[in-house]
Structure formats: C-alpha cells, structure tokens
Protein chains: 2
Amino acid sequence: MERRTRQRDAIEAAFSKAARPLAVQEAHKLAAKAVPGLGIATVYRNINALVEEGVLEPVELPGESPRYEASGLAHHHHFRCNACEKVFDVPGCPGAMKALVPRGFRLDSHELVLYGRCAQCA
Amino acid sequence: MERRTRQRDAIEAAFSKAARPLAVQEAHKLAAKAVPGLGIATVYRNINALVEEGVLEPVELPGESPRYEASGLAHHHHFRCNACEKVFDVPGCPGAMKALVPRGFRLDSHELVLYGRCAQCA
DNA sequence: ATAGATGCAAAGAGTTTGCATAGGT
DNA sequence: ACCTATGCAAACTCTTTGCATCTAT
C-alpha cells in the first residue's frame, strides 16, 4: 500500500494549492520549497502514481510537455497565457462541433485550447 | 542557396501527395520509397528548412510529436483518428470562443482538435 | 572545383528505470 | 524488522549536431 511521505504530501499539496494545471517542473519547484533536495524522479513517480490512482489527470497542450490537474472536473477547456505560460481552466464549451466533422467520420471527443494573456499579464 | 536533391524532392512530394499533416516518421517512410536509404536526420533537416522557408507549418496536437502540412491554408482545425492515428484537416470553426474567456483575459487565438474515427476506420 | 546536402554516429533534452539506502508503518 | 519510497545515475527515446563524404551547380 502507499505510504505517507513528506515528498508525496508536498507534491499533492502543490497541486491542491495551485488550483490550475501544473507541469512536472512547476510541481517540482513548488514541492521542493517544503522538501529541499526533492528529486525530479520522485516527482515523476508520484505524479504517475496519482494519475494511476485517478487523483490527477494529464492536461496535454499542443507542443508542450504535459501538465496535471485534479481529476473529475466537469467538462472544460484550457487557456494558456502566452506571457507567463501558465494554464488556466475555462468552464464551458462552444459546442457545435458535430457540424465540422466530415461525412463518414465519427466524432468521439474534442480538445480546445485558448491562447492569449491572463488577467495579470494583459 | 538551396539545391535540388533527390531526397528533398522526395520529402516535398510526400507532403504534396499526402494532402494531410504528416509526422516526421510518416514523411520518412513515404519519401524512403523513392529514395531508399534516406536518413532520418535528412528528413528532420529538410522539414525544418521547409518550415523556415514558410513552405510547411507545424501542426501540434496534444501529447504528440509535431506533424507538418502546407502553410498558408485558411483557418481550419484538425481531426485525429483514434484508430489509424492519421490527422485530417477540418474546414470551419465553431466560433463563439470569446464567450468562454474569463474576465480580464485577452484572447488571441485558439486551437481545436476533434477525435474519433475517420471514414475508413469508422 | 566548390560548397551545400547527406548519412552515420555521437550528443542533447526530457522521462523512465535499476539499485542501494533512508524512512514509514 | 520489513518493505516501500527516495535519490542518484544509467538507460531510453526523440531530435539535433559534428564530421567525412557525396553531389548538384
């Protein structure tokens, strides 16, 4: 079974406090404040374990390494700030995807990413 | 200045004939039919050169290595078949993106990816 | 003949894995 | 005391780069 370690707690806490998708490096940096010397491999292992357990979900953006956020959130999309490179959740969906699909194709899901400036950087 | 080599011609031809975004490996496989022994490094170098020249544009999908397609196409999005993993262009756009953007954020652009089965795999 | 392009192999960058040890239970 | 989780370093994968050779001009 899993053990409560300082490292694991710090990594989980980083995601809870951030309340937005975090990249592995971001999580490492945040968690290392609580646990100096925290190894990057430990962050990878714990994130992968948390994804296995269904606690976290990967958030993949085009051309970037994956970020992770709490799983089970309602259908939503993501906004990436082109200045600070942070990613934020965006509730809602434009819908009307089916109209775009070519004849004979079957639509199962979709991903939408918005790009611009966040409130702090605008 | 650039030279016309068999390799470069074969790589350009692969993109022209495909008429859809190709991954580096796909382009290599296709071009190698015309030029056996074609090195993967040559494919990378030529694709990067073609992007520099503005002939090709990268098409990045979440969590995948980049594909490339002819540049200068009208605003469109992409459909990825979950079975054969090919990517197709999809004309049109649902619009209504601005309604999703949080207050204070500035929207500059967006990317939409549809997932499902293509006509051949459906 | 000259200089850019190619192919191979080595170098990088990011992620994963093996192993001895630290540390939860 | 046991046995999982950690940290380090080596292994992997994908892409880029160095270098000798080839080849288009």
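Each chain gets a letter, A, B and so on, in the order the sequences are listed, and its residues count up from 1. This one's a predicted model, so the numbers in the text were calculated from it and none came from an experiment. Note that these values count all heavy atoms, side chains included, but never hydrogens, waters or copies made by symmetry.
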Expected rows: protein N/O vs nucleotides 16-20 of chain D N/O, under 3.5 Å:
unit_1, atom_1, unit_2, atom_2, d
D:dT16, OP2, B:N48, ND2, 3.4
D:dG18, O6, B:R45, NH1, 3.2

What integer distance in Å separates [X]:[atom1] from [N]:[atom2]?
X	N	atom1	atom2	answer
A:I47	D:dT6	CD1	C1'	15 Å
B:Y68	D:dC14	OH	P	14 Å
A:E12	D:dA5	CD	P	13 Å
B:E53	C:dA5	CD	C1'	13 Å
A:L38	D:dA5	CG	P	15 Å
B:H28	D:dT13	NE2	P	18 Å

Transitive ILVMFWY cluster of B:L73, excluding itself - 4.5 Å side-chain cut-off
none

Categorize A:E64 for me: base, sugar-phosphate, or nothing, with a 4.0 angstrom heavy-atom threshold over every strand shown.
nothing

With the 4.5 Å side-chain cut-off for hydrophobic clustering, are B:V113 and B:V59 part of the same group?
yes

Contacts under 3.5 Å, N or O only, protein and nucleotides 10-12 of chain D:
none

Would one find a side-chain N or O of B:T42 under 4.0 angstrom from OP1 or OP2 of C:dA5?
no

Under 4.0 Å from OP1 or OP2 of C:dG14: is there any side-chain N or O of A:Q25 that close?
no

Step by step, would you call A:E85 with A:R67 a salt bridge (charged side-chain N to carboxylate O under 4.0 Å, His left out)?
CA-CA 12 Å; A:E85 306 193 343; A:R67 291 165 173 84; 5.7 Å; no

Working note: A:D9 + A:R6, criterion side-chain contact (heavy atoms from CB on, under 4.5 Å); need CA distance, chi angles, decisive distance, verdict.
CA-CA 5 Å; A:D9 285 344; A:R6 290 171 306 132; 5.8 Å; no

Can you tell me how the ring of A:H110 sits relative to the ring of A:H77, calling it parallel under 30°, perpendicular over 60° and tilted otherwise?
tilted

Check step by step if side-chain contact (heavy atoms from CB on, under 4.5 Å) holds for B:F79 and A:L100.
CA-CA 10 Å; B:F79 183 103; A:L100 302 176; over 6 Å; no

Run B:H75 and B:C93 through side-chain contact (heavy atoms from CB on, under 4.5 Å) and show every step you take.
CA-CA 8 Å; B:H75 181 71; B:C93 181; 3.5 Å; yes

Sequence neighbours excluded, which residues qualify as side chain to side chain contact (heavy atoms under 4.5 Å, CB included) partners of B:E52?
none

Pairs in or reaching into residues 20-41 of chain B: which pass side-chain hydrogen bond (donor to acceptor under 3.5 Å, both in side chains), with residues at least two apart or in two chains?
B:R20-B:E26

Given side chains that start at C-beta, do those of B:L112 and A:M97 come closer than 4.5 Å, heavy atoms only?
yes

Can you give one letter per nucleotide of nucleotides 20-25 of chain C, 5' to 3': B if a protein heavy atom sits under 4.0 Å from the base, S if only from the sugar-phosphate, - if neither?
---BBS

Determine, stepwise, if the pair A:D108 / B:R117 fulfils salt bridge (charged side-chain N to carboxylate O under 4.0 Å, His left out).
CA-CA 8 Å; A:D108 289 340; B:R117 297 293 192 110; 5.1 Å; no

